[in-house]
Every structure is written in C-alpha cells, then in structure tokens.
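Encoded as structure tokens, the structure appears first; notes follow it.
So that the names make sense, note that chain A is the first sequence line, chain B the second, and so on, each numbered from 1.
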Number of protein chains: 2
Amino acid sequence: MPTTKTLREGSARKRAAILSAARELFLADGFDRTSVDAVAARAEVSKRTVYDYFGDKQTLLRAVVDAVGQSLITTIRRTLDDTLTDLPEAAGLEDALVTFSMSIATDMLGSAEYATLQRLVRAESGHLPHRGYNSMADTPDEALAERFAALAAAGLLDVPDPRLAADQFIALTFGVALDRLGSANAAEDARVRPLVVEGVRTFLRAYRTR
Amino acid sequence: MPTTKTLREGSARKRAAILSAARELFLADGFDRTSVDAVAARAEVSKRTVYDYFGDKQTLLRAVVDAVGQSLITTIRRTLDDTLTDLPEAAGLEDALVTFSMSIATDMLGSAEYATLQRLVRAESGHLPHRGYNSMADTPDEALAERFAALAAAGLLDVPDPRLAADQFIALTFGVALDRLGSANAAEDARVRPLVVEGVRTFLRAYRTR
DNA sequence: CGACTACACTACACCGTGCAGTGTAGGAAA
DNA sequence: TTTCCTACACTGCACGGTGTAGTGTAGTCG
C-alpha cells in the first residue's frame with residue numbers, strides 16, 4: 001500500500017466511470033434507448049459489475065441525477081463565491097450576474113444537463129420518490145436564493161421572496177436560452193450570451209432597488 | 001402491385017381517437033414506454049388500423065405533436081382576442097395578463113402538454129427535421145409577441161424586442177410553474193395561479209412604461 | 001329485389017430483436 | 001484463502017411491425 005490510495009479507490013474509480021458513462025449516454029440517447037450493455041462497454045466495465053454496484057437501471061439513473069445535481073451545486077456555490085461575494089456596487093451588478101450565469105453555462109459542461117436529466121427522471125421513468133432534500137439548501141435554486149437574499153439585505157435588490165426570484169432568474173436566463181436553442185450545447189453557441197444578458201437586464205429592471 | 005401503399009384517409013373520427021389516445025399515453029408514460037398496442041386499445045381500434053393510418057410509431061408521434069401544436073395556437077389566438085383586444089387601461093393590464101395566462105393553462109388541457117411533447121420529440125426520438133414554420137406567426141411565442149407589440153404601440157408597455165419579451169413572459173409564467181410542479185396537471189393545481197400572478201408582476205415591473 | 005364488388009376494419013397469430021437481469025466459472029489481486 | 005471483477009451464456013419478455021383471414025357495410029349493376 002505504498003503510494004497507493006487504496007481503500008476502495010479502485011472501486012470508487014469504477015463507480016465514477018459507470019456514472020460518467022451512464023450520464024453521457026442517457027443525455028445523448030435518452031434513458032430507455034440506452035442499454036446497460038452500452039453503459040458497461042463505455043465504462044470499460046463488466047455489465048455484471050454495473051448490476052453489482054447499482055442493482056437496477058432505475059437506481060443507476062437516480063444515482064446519475066444525484067451526482068450531476070451535487071456536482072452542479074458545488075460549481076454553483078464556487079461560482080457564486082467567485083462572482084458575487086464582495087457585493088458589487090449597484091453599477092456592477094448586471095455584469096456580475098451575467099458573468100455568473102455565463103460561468104455556469106460554460107464552465108459546467110452544461111447546466112442544460114441537469115435540466116435535461118430532470119426531464120428524463122420525470123418523463124421517462126415515471127415517479128420515483130422525490131428527492132430527500134434533508135434541510136440544507138442542496139438544490140441549485142436555493143443556493144441562488146440564499147445569495148439573492150444576501151443581496152437584498154445589502155440593499156442592492158428588492159426581493160421579498162428570494163426563492164421565487166431565484167426561479168424566475170433561472171427561467172429568464174437559462175430557461176429562454178434552453179427553449180430557443182436545443183437543450184444540447186449550452187456553451188459554445190454565440191447566441192446564448194445575448195439571451196442571458198437580456199434576461200439579466202429584465203430581471204434587474206424588475207428587482208433592482210429604486 | 002398493391003395499389004394501397006398510401007396511408008389511409010379513413011374516418012376522421014378514428015383518426016382523432018388514435019391521435020387522442022396516443023397523446024394521453026405519450027404524455028402519461030413517455031414515448032418509449034407506450035406500446036402501440038396500448039394506443040390501439042385505448043382508441044378502441046385495431047392495432048393494424050393504427051399502422052394503416054400512420055405507418056410508423058415515429059410518424060404517429062409527429063402527428064400528435066403537430067396536432068397539439070395546432071390546437072394550442074388556435075386556443076392562444078382565441079384567448080388573446082378574448083382577453084387582450086380592447087387594450088385595457090394600464091391599471092387592468094396585470095389582471096388581463098393573468099387571465100390570459102390562466103386561461104391558457106386551464107382551458108387548454110395543458111400548455112404543458114406542448115412543452116412536454118416537444119421534449120419528447122427531442123429527447124426520445126432523436127432529431128427529426130425541425131418544423132416547417134412557413135412564414136406566418138404560427139408558433140405560440142410569435143402570436144404573443146404580436147400582441148405585445150400592439151400593447152407597446154398603445155403605450156402600455158415598453159418593449160423594444162417583442163419576440164424576446166414574449167419568450168421571457170412565457171418563461172416567467174409557464175416556465176417556473178412547469179419547473180416547480182411536475183409537467184403533469186397544469187390546471188387544477190391551486191399552486192399554479194400564485195406562481196403565474198407573480199410571474200406577471202415581475203414581467204410588468206420590467207416592461208411597464210413608467 | 002338479389003348478387004357482386006370495393007373497402008374499412010378487426011382479431012389474431014406470428015416473427016425478429018433488443019434488452020433487463022441472472023447465474024456461473026474462472027482469473028487476478030490481497 | 002477470500003474478494004473483486006470479467007466473460008459469457010442464457011432466460012424471459014415486451015414490443016415493433018407484418019400478414020392474413022374474416023366481418024360489416026355501402027354502393028352498383030343485372
């Protein structure tokens with residue numbers, strides 16, 4: 001066990017590989033059209049191993065969604081800290097929000113992924129028991145809502161219902177971008193930025209303190 | 001040479017029944033999880049007839065999406081005329097928009113249907129050639145955009161880009177409602193209205209002339 | 001009037017295939 | 001040894017799609 005980070009590191013690696021392969025295939029081809037064999041092949045893992053790790057195709061989907069959700073929320077938190085911590089002057093707020101949104105849409109392979117996966121869970125695999133949501137703000141919207149509340153407390157925004165504002169912000173930026181362009185490539189596309197900018201402006205016209 | 005390689009025209013009633021059954025099942029269970037046998041059973045029609053009318057499951061999906069889209073746009077046009085023609089005073093604008101949105105969400109079995117079906121087409125059945133969209137404003141957003149332009153011309157709204165405003169309006173109302181609650185029952189649910197009301201208010205704070 | 005034809009539709013059997021899930025033997029590591 | 005993993009064969013089944021025999025019905029011709 002010299003330099004080895006044993007302790008099931010191999011296991012964790014395989015687990016991650018499976019998760020990653022499943023995510024890519026589910027997103028590309030849809031849940032039903034993705035065979036477990038294909039997932040196993042892409043993960044360079046035996047099909048049997050997939051079934052040993054996750055017992056079920058459904059469960060695998062759940063795991064993928066949870067993983068992406070966690071990853072997304074971490075990215076959001078970090079980006080939030082990078083772009084919105086030292087509460088900017090009112091003048092810089094628009095730029096800060098645009099930067100934040102574009103970071104999410106670009107850095108992250110695609111926040112679209114999360115939305116698409118949510119659709120998959122809902123549309124394709126019926127109704128599994130809804131997320132655990134223990135207590136913390138462990139959903140992307142709530143992380144954003146927290147920050148809006150802070151901005152409100154700092155007197156930059158006039159936000160009576162931070163959670164609602166967060167949802168509306170997301171809808172105005174990612175929502176319209178997602179609706180207009182296919183859910184696929186979120187970054188890259190040059191048409192995304194203007195849409196996001198306009199979304200932020202609309203949001204600020206509605207929520208900025210006067 | 002079997003002269004009948006063409007698809008049947010047949011009785012419109014059966015055709016409609018199949019379309020309707022397919023719509024309900026596709027929405028409830030998803031495209032892949034819906035068997036053609038199930039569609040036929042629900043339509044009280046032979047499975048063979050389904051294949052005679054539409055030659056293919058894919059084609060059936062396309063037909064369903066087109067039908068719903070047409071129906072939706074008709075409803076929107078009518079509702080638009082009913083609620084937003086005699087340009088209301090600035091004071092009544094909020095109520096008018098709320099009424100409009102709720103009419104769409106209620107009267108129509110669910111504008112959610114359209115969105116969900118679009119997802120289905122994209123996510124499940126790969127990429128068929130995108131809609132024909134000949135020239136007219138035959139997409140819901142554009143119908144709404146037209147009306148916003150009219151409201152702007154009347155001095156009630158300050159809308160430089162009507163099409164964008166329409167997309168943002170839809171995102172603020174239906175978008176958030178769809179995200180929060182499952183895509184399923186759009187009407188009925190008492191939680192929809194407050195969401196729509198708040199969406200309209202946000203929209204007006206951003207776009208109303210000052 | 002009946003006989004015949006054309007057609008829309010059903011009921012049903014059937015084929016091929018893709019796929020979820022399992023059982024197991026065996027190899028490599030620890 | 002035990003533990004983990006792979007390779008692979010195999011089952012069971014659901015589903016898309018087709019072919020066909022047969023039924024009801026409307027119209028046409030004699």
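For the residue pair B/A143 and B/R77, the shortest heavy atom distance occurs at CB-NH2, 4.1 Å.
At whole-Å resolution of the value, CD1 in B/I18 and P in C/dT10 are 8 Å apart. Counting to the nearest Å, the P atom of C/dG23 and the CG atom of A/D52 are 11 Å from each other. Atom CG of A/D29 is separated from atom C1' of C/dC19 by 15 Å (rounded to the nearest Å). In this structure, B/F54 atom CZ and D/dG16 atom P are separated by 15 Å, rounded to whole Å. One atom, OH of A/Y53, and another, C1' of D/dC5, lie 8 Å apart when rounded to the nearest Å. One interatomic measurement links the two molecules: CG of A/L61 to C1' of C/dC19, which rounds to 17 Å at whole-angstrom precision. To the nearest angstrom, P of D/dC15 lies 10 Å from CZ of B/R33.
Checked against side-chain hydrogen bond (donor to acceptor under 3.5 Å, both in side chains), B/D56 has no partners two or more places apart in sequence or in another chain. For B/R201, the salt bridge (charged side-chain N to carboxylate O under 4.0 Å, His left out) criterion is met by B/E94, B/E198, not counting sequence neighbours. A/F54 pairs by the ring pair (Phe, Tyr, Trp, His ring centres under 6.0 Å) definition with nothing, not counting sequence neighbours. Taking the side-chain hydrogen bond (donor to acceptor under 3.5 Å, both in side chains) definition, one finds that B/S20 meets it with B/R23, B/E24, sequence neighbours left out. Scanning for salt bridge (charged side-chain N to carboxylate O under 4.0 Å, His left out) contacts around B/D95 gives an empty result, with sequence neighbours left out. Not counting sequence neighbours, the partners of B/A149 by the side-chain contact (heavy atoms from CB on, under 4.5 Å) test are B/P162. Evaluation of the ring pair (Phe, Tyr, Trp, His ring centres under 6.0 Å) rule for B/F148 yields B/F169, B/F203 as partners, not counting sequence neighbours. For B/D82, there are no salt bridge (charged side-chain N to carboxylate O under 4.0 Å, His left out) partners two or more places apart in sequence or in a different chain. B/D161 pairs by the salt bridge (charged side-chain N to carboxylate O under 4.0 Å, His left out) definition with nothing, not counting sequence neighbours.
Rounding to the nearest 0.5 angstrom, the gap separating the CD1 atom in A/I76 from the CG atom in A/D81 is 11.5 Å.
Across residues 36-45 of chain A, A/V36 each have a non-hydrogen atom less than 4.0 Å from an atom of DNA chain C (numbered order).
Considering only side-chain atoms of A/R48, the nucleotide from C/dC9, D/dC5, D/dA7 that sits closest is D/dA7. The side chain of A/Y51 sits closest to C/dA20 out of C/dC9, D/dT18, C/dA20. When distances run from any side-chain atom of A/S35 to the nucleotides D/dC15, C/dA20, C/dA11, the shortest one goes to C/dA20. Side chain of A/K57, nearest nucleotide from C/dA20, D/dT6, D/dG17: C/dA20. The listed nucleotides are D/dT6, D/dG17, C/dA11; the one nearest the side chain of B/S46 is C/dA11.
At the heavy-atom level, A/D56 lies under 4.0 Å from the strands shown only through sugar-phosphate atoms.
For B/T74 (side chain) and B/Q70 (main-chain N/O), a donor-acceptor pair under 3.5 Å exists by modelled atom type.
For the helix from C/dC1-D/dG30 to C/dA30-D/dT1, the rotation axes defined at the first and last 5 base pairs enclose an angle of 10°, given to the nearest 10°.
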Can you check nucleotides 9-12 of chain D for protein contacts, nitrogen or oxygen pairs under 3.5 Å, and list what you find?
none

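Residue A/S11 places no side-chain N or O under 4.0 Å from the OP1 or OP2 atom of D/dT3.
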